[in-house]
Asker: 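One structure follows; several queries about it will come next.
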Amino acid sequence: MGRDTIDMNGRGSRTMENIAYIRQMLAELRMVAENEGAEMLCYLIEMAYVEAGDVQAGRRALSIHHAQRDKAARMPL
């Protein structure tokens, strides 16, 4: 099977690998925020972590407008 094959939930394996990576990074960011005492950031990061887990488990679509995926606004970093 190739890197972009479809998995059991109908999502590409590459997409699922990316979601898993995002979830892993969110866990690390939450630890950093917790160590800094940033309670609101902890909450928001944890909500994103839960959302990523729901996507991985197939309980949630990648987009609320699945057919019309809205792109995030470009924000300067």
Asker: Keeping to residues at least two apart or across chains, list the side-chain hydrogen bond (donor to acceptor under 3.5 Å, both in side chains) pairs with something in residues 37-48.
Answerer: R30-E46

Asker: Rest of the hydrophobic cluster containing M25 (Ile/Leu/Val/Met/Phe/Trp/Tyr, side-chain heavy atoms under 4.5 Å)?
Answerer: Y21

Asker: Could you tell me if the side chain of L41 sits less than 4.5 Å from the side chain of V32, heavy atoms only?
Answerer: no

Asker: Quick check: closest heavy atoms across I45 and L26, and the distance to 0.1 Å?
Answerer: CG2-O, 3.2 Å

Asker: For the residue pair A33 and C42, what are the closest heavy atoms and their distance?
Answerer: C-SG, 3.7 Å

Asker: Measure the CD-CE distance between E28 and M31 for me, rounded to the nearest 0.5 Å.
Answerer: 5.5 Å

Asker: If two hydrophobic side chains count as joined below 4.5 Å and joins carry through other members, does I22 share a cluster with L29?
Answerer: yes

Asker: With side-chain hydrogen bond (donor to acceptor under 3.5 Å, both in side chains) as the test, pick out the partner of E51 among Q56, R60, R59.
Answerer: R60

